[in-house]
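Quick note: numbers below take in every heavy atom, side chains included, and nothing from hydrogens, waters or symmetry partners.
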Amino acid sequence: MKRIVICMLVLLNFSCSDSNQKKVDDAIAKTSDSLVSKLDKVNDSLKGVKEKIEKNIPKVKIEKYQEIPISLQWISFDKTGSAKLVKAENNWYTLKGEQTNVNNEYLKIDGKISRIDKDHLKFIGTIITYIKYNNGGKPCEKTGEQVFLKKDNRSYYRLQNMGNCEGGRVVDYVDVYTIDKYL
(Lines give C-alpha, C1' and ligand atoms only; values in the text may rest on other atoms or scores of the structure.)
Protein backbone atom coordinates (compact mmCIF):
# COMPACT_ATOMS: atom_id res chain seq x y z
CA MET A 1 0.00 0.00 0.00
CA LYS A 2 2.82 2.26 0.78
CA ARG A 3 4.18 1.48 -2.60
CA ILE A 4 0.95 2.38 -4.27
CA VAL A 5 0.72 5.68 -2.43
CA ILE A 6 4.32 6.55 -3.32
CA CYS A 7 3.70 5.65 -6.96
CA MET A 8 0.55 7.78 -6.97
CA LEU A 9 2.41 10.72 -5.46
CA VAL A 10 5.20 10.43 -8.00
CA LEU A 11 2.68 10.26 -10.85
CA LEU A 12 0.77 13.16 -9.40
CA ASN A 13 3.98 15.14 -9.11
CA PHE A 14 4.84 14.48 -12.75
CA SER A 15 1.38 15.44 -13.87
CA CYS A 16 1.60 18.70 -11.87
CA SER A 17 5.02 19.39 -13.35
CA ASP A 18 3.71 19.02 -16.88
CA SER A 19 0.82 21.28 -16.05
CA ASN A 20 3.12 23.86 -14.45
CA GLN A 21 5.52 23.60 -17.35
CA LYS A 22 2.66 24.18 -19.78
CA LYS A 23 1.64 27.29 -17.82
CA VAL A 24 5.21 28.57 -17.90
CA ASP A 25 5.47 27.88 -21.63
CA ASP A 26 2.15 29.66 -22.25
CA ALA A 27 3.25 32.67 -20.21
CA ILE A 28 6.51 32.88 -22.15
CA ALA A 29 4.69 32.59 -25.45
CA LYS A 30 2.23 35.33 -24.51
CA THR A 31 4.98 37.57 -23.22
CA SER A 32 7.22 37.07 -26.24
CA ASP A 33 4.31 37.70 -28.62
CA SER A 34 3.53 40.81 -26.65
CA LEU A 35 7.15 41.94 -26.73
CA VAL A 36 7.42 41.27 -30.46
CA SER A 37 4.28 43.26 -31.19
CA LYS A 38 5.49 46.12 -28.97
CA LEU A 39 8.87 46.14 -30.70
CA ASP A 40 7.12 46.14 -34.08
CA LYS A 41 5.06 49.17 -33.02
CA VAL A 42 8.17 50.99 -31.77
CA ASN A 43 10.03 50.23 -35.02
CA ASP A 44 7.06 51.49 -37.06
CA SER A 45 6.99 54.69 -35.00
CA LEU A 46 10.74 55.18 -35.39
CA LYS A 47 10.47 54.61 -39.13
CA GLY A 48 7.83 57.35 -39.33
CA VAL A 49 10.00 59.74 -37.31
CA LYS A 50 13.01 58.95 -39.50
CA GLU A 51 11.00 59.66 -42.67
CA LYS A 52 9.75 62.98 -41.26
CA ILE A 53 13.30 64.01 -40.32
CA GLU A 54 14.64 63.05 -43.75
CA LYS A 55 11.91 65.10 -45.45
CA ASN A 56 12.74 68.16 -43.33
CA ILE A 57 16.51 68.06 -43.86
CA PRO A 58 17.35 70.64 -46.52
CA LYS A 59 19.04 69.31 -49.62
CA VAL A 60 22.53 70.76 -49.82
CA LYS A 61 24.52 70.75 -53.01
CA ILE A 62 28.09 69.86 -52.20
CA GLU A 63 30.44 71.54 -54.61
CA LYS A 64 33.78 70.02 -55.26
CA TYR A 65 36.27 72.71 -56.16
CA GLN A 66 39.93 73.33 -56.86
CA GLU A 67 42.06 76.28 -55.87
CA ILE A 68 44.18 77.61 -58.70
CA PRO A 69 46.82 80.37 -58.61
CA ILE A 70 46.14 83.71 -60.31
CA SER A 71 48.35 86.77 -60.63
CA LEU A 72 48.68 90.36 -61.81
CA GLN A 73 52.25 91.41 -62.58
CA TRP A 74 51.89 94.72 -60.72
CA ILE A 75 51.24 92.81 -57.49
CA SER A 76 53.52 89.77 -57.83
CA PHE A 77 54.30 86.75 -59.94
CA ASP A 78 55.87 85.05 -56.91
CA LYS A 79 53.10 85.56 -54.35
CA THR A 80 50.07 84.56 -56.37
CA GLY A 81 46.49 84.92 -55.30
CA SER A 82 44.01 82.09 -55.59
CA ALA A 83 40.72 81.44 -57.31
CA LYS A 84 38.13 78.79 -56.69
CA LEU A 85 37.34 76.70 -59.76
CA VAL A 86 33.98 74.90 -59.52
CA LYS A 87 32.52 72.57 -62.18
CA ALA A 88 29.28 74.03 -63.50
CA GLU A 89 27.47 72.60 -66.53
CA ASN A 90 28.08 72.11 -70.24
CA ASN A 91 31.90 72.16 -69.85
CA TRP A 92 31.84 75.48 -67.97
CA TYR A 93 33.44 76.19 -64.61
CA THR A 94 32.88 79.10 -62.29
CA LEU A 95 36.05 81.00 -61.40
CA LYS A 96 36.20 83.42 -58.49
CA GLY A 97 39.21 84.70 -56.61
CA GLU A 98 41.63 87.48 -55.87
CA GLN A 99 45.22 88.51 -55.34
CA THR A 100 46.05 91.36 -52.96
CA ASN A 101 49.11 93.02 -51.50
CA VAL A 102 49.97 95.06 -48.38
CA ASN A 103 49.01 98.31 -50.18
CA ASN A 104 45.43 97.04 -50.66
CA GLU A 105 46.01 96.77 -54.39
CA TYR A 106 44.26 93.85 -56.00
CA LEU A 107 43.21 91.61 -58.86
CA LYS A 108 39.65 90.25 -58.61
CA ILE A 109 38.12 87.78 -61.00
CA ASP A 110 34.53 86.49 -60.99
CA GLY A 111 32.80 84.64 -63.82
CA LYS A 112 32.77 81.42 -65.74
CA ILE A 113 35.43 79.84 -67.89
CA SER A 114 35.53 77.12 -70.55
CA ARG A 115 38.11 75.60 -72.87
CA ILE A 116 37.93 76.67 -76.53
CA ASP A 117 40.88 74.54 -77.63
CA LYS A 118 44.27 73.34 -76.37
CA ASP A 119 45.65 76.88 -75.91
CA HIS A 120 42.54 79.08 -75.59
CA LEU A 121 40.08 79.62 -72.75
CA LYS A 122 36.89 81.68 -72.92
CA PHE A 123 35.99 83.71 -69.82
CA ILE A 124 32.70 85.52 -69.28
CA GLY A 125 32.47 87.73 -66.23
CA THR A 126 34.34 90.56 -64.52
CA ILE A 127 38.04 91.19 -63.97
CA ILE A 128 39.01 94.16 -61.81
CA THR A 129 42.55 95.40 -61.25
CA TYR A 130 43.51 98.17 -58.88
CA ILE A 131 47.02 99.60 -58.61
CA LYS A 132 47.33 103.00 -56.92
CA TYR A 133 49.59 104.51 -59.58
CA ASN A 134 47.65 103.16 -62.60
CA ASN A 135 44.48 104.60 -64.11
CA GLY A 136 44.54 107.69 -61.91
CA GLY A 137 44.23 105.54 -58.78
CA LYS A 138 40.87 104.09 -59.86
CA PRO A 139 40.03 100.40 -60.39
CA CYS A 140 40.11 99.12 -63.95
CA GLU A 141 37.11 96.88 -64.68
CA LYS A 142 36.75 94.59 -67.68
CA THR A 143 33.42 92.85 -68.09
CA GLY A 144 31.97 90.51 -70.66
CA GLU A 145 33.67 87.93 -72.79
CA GLN A 146 37.46 87.65 -72.58
CA VAL A 147 40.06 85.23 -73.95
CA PHE A 148 42.98 83.67 -72.07
CA LEU A 149 45.80 82.26 -74.22
CA LYS A 150 48.69 79.91 -73.48
CA LYS A 151 51.77 80.49 -75.67
CA ASP A 152 55.09 78.74 -76.21
CA ASN A 153 54.38 75.72 -73.98
CA ARG A 154 53.95 77.94 -70.93
CA SER A 155 52.12 76.50 -67.94
CA TYR A 156 49.79 79.49 -67.57
CA TYR A 157 47.18 81.34 -69.59
CA ARG A 158 47.31 85.14 -70.00
CA LEU A 159 44.35 87.45 -70.50
CA GLN A 160 44.57 88.79 -74.07
CA ASN A 161 42.73 92.04 -73.34
CA MET A 162 45.86 93.40 -71.65
CA GLY A 163 45.24 97.11 -72.02
CA ASN A 164 44.76 98.91 -68.71
CA CYS A 165 41.86 101.34 -68.51
CA GLU A 166 44.46 104.14 -68.32
CA GLY A 167 45.28 103.55 -71.98
CA GLY A 168 48.60 104.27 -73.63
CA ARG A 169 51.26 101.63 -73.11
CA VAL A 170 50.07 100.47 -69.66
CA VAL A 171 49.18 96.77 -69.73
CA ASP A 172 47.93 94.31 -67.14
CA TYR A 173 49.21 90.73 -67.25
CA VAL A 174 46.39 88.73 -65.68
CA ASP A 175 47.41 85.07 -65.52
CA VAL A 176 45.71 81.84 -64.44
CA TYR A 177 47.84 78.80 -63.59
CA THR A 178 47.45 75.01 -63.38
CA ILE A 179 43.98 75.15 -64.92
CA ASP A 180 44.91 72.45 -67.46
CA LYS A 181 44.61 69.84 -64.71
CA TYR A 182 40.90 70.53 -64.37
CA LEU A 183 39.46 71.75 -67.71
Side-chain angles (χ1 to χ4, degrees), residues 43 45-183:
N43 284 337
S45 296
L46 290 175
K47 183 179 177 186
V49 169
K50 179 182 173 189
E51 288 172 355
K52 285 180 184 176
I53 289 171
E54 286 174 347
K55 286 179 185 175
N56 290 325
I57 294 174
K59 302 297 181 230
V60 177
K61 182 179 178 185
I62 298 174
E63 295 181 337
K64 190 173 181 181
Y65 67 91
Q66 299 296 325
E67 292 283 334
I68 63 165
I70 60 173
S71 70
L72 174 66
Q73 92 278 14
W74 304 111
I75 297 174
S76 174
F77 286 120
D78 297 325
K79 291 184 178 181
T80 61
S82 68
K84 187 185 287 188
L85 184 69
V86 179
K87 179 119 175 84
E89 51 191 40
N90 299 326
N91 296 319
W92 284 92
Y93 290 76
T94 61
L95 182 66
K96 182 174 184 169
E98 65 181 36
Q99 178 188 26
T100 60
N101 66 13
V102 295
N103 298 322
N104 293 320
E105 296 170 318
Y106 57 82
L107 157 65
K108 294 184 180 189
I109 189 166
D110 188 4
K112 62 183 185 173
I113 195 164
S114 181
R115 180 172 299 283
I116 296 172
D117 62 34
K118 180 175 140 295
D119 296 324
H120 292 80
L121 303 175
K122 181 192 287 189
F123 175 83
I124 301 173
T126 303
I127 299 170
I128 304 172
T129 59
Y130 170 68
I131 301 298
K132 289 179 182 180
Y133 49 85
N134 286 353
N135 195 31
K138 295 182 281 185
C140 177
E141 183 173 323
K142 299 173 185 176
T143 57
E145 188 173 311
Q146 306 288 334
V147 173
F148 283 84
L149 177 64
K150 179 168 72 169
K151 293 182 181 177
D152 304 322
N153 294 322
R154 293 181 179 153
S155 61
Y156 61 88
Y157 290 80
R158 179 159 288 161
L159 178 66
Q160 294 305 289
N161 180 4
M162 296 180 207
N164 183 278
C165 298
E166 179 174 308
R169 303 186 88 193
V170 179
V171 294
D172 295 328
Y173 295 149
V174 176
D175 299 330
V176 295
Y177 303 84
T178 67
I179 201 164
D180 283 333
K181 293 180 184 178
Y182 312 110
L183 295 184

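For Lys96, the NZ atom is loosely surrounded, since the number of other residues' heavy atoms within 6.0 Å does not exceed 12. By the neighbour-count criterion of 12 heavy atoms within 6.0 Å, atom CG of Asn153 is sparsely surrounded, having that number or fewer from other residues, nucleotides or ligands. Other residues, nucleotides and ligands contribute over 12 non-hydrogen atoms within 6.0 Å of the NZ atom of Lys132. Counting heavy atoms of neighbouring residues, nucleotides and ligands inside a 6.0 Å radius, atom OH of Tyr173 does not exceed 12 of them.
Judged purely by atom type and a 3.5 angstrom limit, Arg154 has no side-chain atom pairing as donor or acceptor with the backbone of Tyr156. Under the 3.5 Å distance criterion, the side-chain polar atoms of Ser114 are left unmatched by any main-chain donor or acceptor of Lys122. For the pair Gln73 (side chain) and Val171 (backbone), a donor-acceptor distance under 3.5 Å is present. Lys142 places a side-chain N or O within 3.5 Å of a backbone atom of Asn161 that can act as its donor or acceptor partner. Counting only distance, with no hydrogens or angles, the side chain of Asn101 and the backbone of Asn103 share a donor-acceptor pair below 3.5 Å.
To the nearest 0.5 angstrom, His120 atom NE2 is 7.0 Å from Gln160 atom CD. Ile70 contributes atom CD1, which lies 9.5 Å from atom CD of Glu67 (distance to the nearest 0.5 angstrom). Considering CD of Gln66 and CG of Leu183, their distance stands at 11.0 Å, rounded to 0.5 Å. Here the straight-line distance linking atom CG of Asn91 with atom NZ of Lys112 works out to 12.0 Å at 0.5 Å rounding. Taking OH of Tyr177 as the reference point, atom CD1 of Ile68 lies at 10.5 Å (rounded to 0.5 Å).
Relative to the six-membered ring of Phe148, Arg158 misses at least one condition, a distance below 6.0 Å or an angle of at most 45° to the axis.
Side chains of Ile179 and Leu121 form a contact here, defined as non-hydrogen atoms less than 4.5 Å apart. At a threshold of 4.5 Å between non-hydrogen side-chain atoms, the residues Asn134 and Tyr130 do not count as touching. Looking at heavy atoms from C-beta onward, Thr178 lies in side-chain contact with Pro69 at the 4.5 angstrom threshold. Counting heavy atoms from C-beta on, the side chains of Asp172 and Leu72 come closer than 4.5 Å. Taking 4.5 Å as the limit, every side-chain heavy atom of Leu159 sits out of range of all side-chain heavy atoms of Phe123. Side chains of Trp74 and Thr129 form no contact here, defined as non-hydrogen atoms less than 4.5 Å apart. Side-chain contact between Ile124 and Trp92: present, with at least one pair of heavy atoms (C-beta onward) separated by less than 4.5 Å. For the pair Val174 and Leu107, the minimum side-chain heavy-atom distance is below 4.5 Å.
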**Message:** As a quick check of understanding, evaluate side chain to side chain donor-acceptor pair (under 3.5 Å) for Thr126 and Asp110, giving each step before the final call.
**Reply:** CA-CA 5 Å; Thr126 303; Asp110 188 4; over 6 Å; no
**Request:** Test side chain to side chain donor-acceptor pair (under 3.5 Å) on Ser71 and Gln99 and set out the steps.
**Result:** CA-CA 6 Å; Ser71 70; Gln99 178 188 26; 5.0 Å; no
**Request:** Show the numbers, then the answer: is there a side chain to side chain donor-acceptor pair (under 3.5 Å) between Asn164 and Asn135?
**Result:** CA-CA 7 Å; Asn164 183 278; Asn135 195 31; 4.8 Å; no
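Side-chain contact check for Tyr157 and Asp180: at least one donor-acceptor pair (N or O, by modelled atom type) lies under 3.5 Å.
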